[in-house]
Number of protein chains: 2
Amino acid sequence: MKAKGGKPQGYRAIREDVLQRIRSGKWKPGAAVPGEIELAEEYGVARGTANKAMRELVEQGYLERKRKSGTRVRSSPLRAARFAIPLIRDEIEANARYGYKLLVREEVAADDVLRDRLALKAKTRLLHLLCLHLADDAPYAVEERWINLATLPEAAGVDFLSVGPNEWLVQRVPFTDVKLEFSAELPPPHVSVVLQSTVAPSLLAERTTWLNGNSVTYMRLTFKPGYRLATQY
Amino acid sequence: MKAKGGKPQGYRAIREDVLQRIRSGKWKPGAAVPGEIELAEEYGVARGTANKAMRELVEQGYLERKRKSGTRVRSSPLRAARFAIPLIRDEIEANARYGYKLLVREEVAADDVLRDRLALKAKTRLLHLLCLHLADDAPYAVEERWINLATLPEAAGVDFLSVGPNEWLVQRVPFTDVKLEFSAELPPPHVSVVLQSTVAPSLLAERTTWLNGNSVTYMRLTFKPGYRLATQY
DNA sequence: AAGTGGTCTAGACCACGGG
DNA sequence: CCGTGGTCTAGACCACTTT
């Protein structure tokens, strides 16, 4: 345990001070907050220092700033939760022994659903993978993945037997846009069989990745029933 | 539509330039990146300007920086998805007419589950609410909420008939910590009845809110079957 | 027109951490 | 030790927005 008893110094001191006044209700939602110049004088620092403090509070969703009209406490705090999206491997290894199995590897032509989701032309070839992630030898999540071979031809030469597609992609392939969706589903039979689960709702995470307007990959990650995705902020 | 054709100026130019070099693979994961001084000279700007550009890239998860050893491209980009968590009302009003109904309002004693989750003493009184959020008169989500009256006695005097607890709380009550969890559940009967749904998996969002170590409220939000929580980054 | 935040500069000192 | 990033300063000009 680090002793963090000492009060923050510099711009952090200002940031925490202002935050304290917001949390305590001293500065209420919608209320105006002193400007940078005034704050800088109050704390005896340069304007740039006060600026940095206020900018961080804007970024954290506590303040709104507009030129000329000044700074205000956000009326309904735009709380943005930041989910860390670790490699599944890392998530499992935090508490258990990680295992990985490749179940299916095949080249396929895109069907209508995939063509739509990945914005593909008619005959585009995809690499389809079905993988199982295990924690202490028990099924943890099933990964269904399609990789666009038009964008990523080099994927055709990888066997994915020992390294999962997630890890392979993240290390080698840059991307510019990601769409992430969560929903609750009853897994289809070919997934629930692999999860060794009876009929029970599963959390489904879907991720579609793009590179400069070209689709790279689409992934469906079905977690075992009872899985909880948690964050704290 | 704004025409954003013009290339970014100042520190943004540096940020986008460096990002481009990462995304194009010119600078690979794990590789060292020029230091601030070098970058500043390259672009003919002050060191502080280069610093600002690099800091933003760290924050976005693209770079790692350490004193003395310098700046590197993150080997596996720490992709953090930022979920905006709007008031349900705003989420619905983006596409439909919002409706709200209070179904249950009662003071209760905390049971074991709630005592554990909210870290309560034995006899703490809670305000229990059951609410329905509607989109164009169709059930959209069911909100079950418990408010800690020890922390928030003033909530006992609010009827919550026209203003939902979510909106009331967010406007008036500051908080310091939030725990947010997502899972897939088969809703219990008293929830599925209200959702007018047959037996189908629902996405469940649970949020526990704290103020300086004291629990404020616990909420279970059950979305209608088929709901998708989406984010883009 | 004028006020407020956004950005930049040139220079400085400090803190961390690898050698 | 000493190089690199972290922070700060005092001053400046600019951009946006309201008056």
Side-chain angles (χ1 to χ4, degrees), chain A residues 1-19 21-22 27 29-75 78, chain B residues 1-19 21-22 27 29-75 78:
Chain A
M1 283 289 192
K2 261 185 198 173
K4 301 203 174 173
K7 281 182 186 170
Q9 298 292 310
Y11 82 95
R12 291 163 208 275
I14 306 177
R15 165 165 50 76
E16 294 310 310
D17 233 48
V18 171
L19 187 51
R21 281 183 263 195
I22 294 172
W27 289 345
V33 163
E36 295 183 345
I37 303 158
E38 195 178 332
L39 276 176
E41 282 170 5
E42 255 186 66
Y43 287 89
V45 298
R47 192 190 139 211
T49 304
N51 182 283
K52 188 166 187 174
M54 301 304 267
R55 283 173 149 285
E56 291 203 356
L57 290 171
V58 169
E59 193 196 325
Q60 290 167 27
Y62 294 103
L63 296 178
E64 285 175 310
R65 318 189 81 189
K66 263 193 291 193
R67 280 153 159 145
K68 167 75 179 182
S69 46
T71 303
R72 303 181 158 276
V73 181
R74 274 195 100 101
S75 30
L78 166 64
Chain B
M1 281 291 192
K2 264 186 197 173
K4 302 202 174 175
K7 281 181 185 171
Q9 300 291 311
Y11 83 94
R12 290 164 209 274
I14 306 177
R15 164 164 52 77
E16 293 310 310
D17 233 48
V18 171
L19 186 52
R21 281 184 263 196
I22 295 171
W27 289 344
V33 162
E36 295 183 345
I37 303 158
E38 196 177 332
L39 275 177
E41 282 170 3
E42 256 185 63
Y43 288 89
V45 299
R47 194 191 137 210
T49 304
N51 182 283
K52 187 165 186 174
M54 301 304 268
R55 284 174 149 284
E56 291 202 355
L57 289 171
V58 168
E59 191 194 326
Q60 290 167 29
Y62 294 103
L63 298 176
E64 285 175 311
R65 316 189 81 190
K66 263 191 292 194
R67 280 153 160 146
K68 167 75 181 180
S69 46
T71 303
R72 302 181 160 276
V73 181
R74 274 195 99 101
S75 29
L78 165 64

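What's counted below: heavy atoms across the whole structure, side chains too, no hydrogens, waters or symmetry copies. So that the names make sense, note that chain A is the first sequence line, chain B the second, and so on, each numbered from 1.
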B:Asn51 and B:Arg55: side chain donor to acceptor below 3.5 Å: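 Side chains of B:Asn51 and B:Arg55: pair found under 3.5 Å.
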Derivation of the side-chain contact (heavy atoms from CB on, under 4.5 Å) call for B:Val33 and B:Met54: CA-CA 10 Å; B:Val33 162; B:Met54 301 304 268; 3.5 Å; yes
Touch class at under 4.0 angstrom, heavy-atom based, for A:Arg55 against every strand present: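 The answer is sugar-phosphate, as A:Arg55 gets under 4.0 Å only of primed atoms, P, OP1 or OP2.
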B:Arg72 vs B:Glu64, salt bridge (charged side-chain N to carboxylate O under 4.0 Å, His left out): CA-CA, chis, key distance, verdict: CA-CA 5 Å; B:Arg72 302 181 160 276; B:Glu64 285 175 311; over 6 Å; no
Range on DNA chain D touched by chain B, heavy atoms, distance below 4.0 Å: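 Result: D:dG3 to D:dT7.
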5' precedence on DNA chain D between A:Arg47 and A:Arg12 (nearest-nucleotide basis):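 That would be A:Arg12.
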Upstream residue (5' side of DNA chain D) when A:Lys52 and B:Gly70 are each assigned their closest nucleotide: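 Looking at the nearest nucleotide for each, B:Gly70 comes out on the 5' side.
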Given DNA chain C, 5'-ward residue of the pair A:Gly48 and A:Thr71, judged by closest heavy atom: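 Counting from the 5' end, the first nearest nucleotide belongs to A:Thr71.
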Report each atom pair, protein N/O against N/O of nucleotides 15-19 of chain C, whose distance is under 3.5 angstrom.
{"from": "C:dA15", "atom 1": "N3", "to": "B:Arg67", "atom 2": "NE", "distance (Å)": "3.3"}

Kindly indicate whether the side chain of [X], heavy atoms from C-beta on, has any atom under 4.5 Å from the side chain of [Y].
X       : Y       : answer
A:Trp27 : A:Val18 : yes
B:Thr49 : B:Tyr43 : no
A:Ile22 : A:Leu63 : yes

Minimum heavy-atom distance A:Ala50-A:Ile14, with the two atoms named: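 So the two residues come closest at CA-CD1, 4.2 Å.
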Candidates A:Glu42, A:Glu41, A:Glu36, A:Glu38 - the one meeting salt bridge (Lys or Arg N to Asp or Glu O under 4.0 Å) with A:Arg47: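 Exactly one option meets the salt bridge (Lys or Arg N to Asp or Glu O under 4.0 Å) with A:Arg47, and it is A:Glu36.
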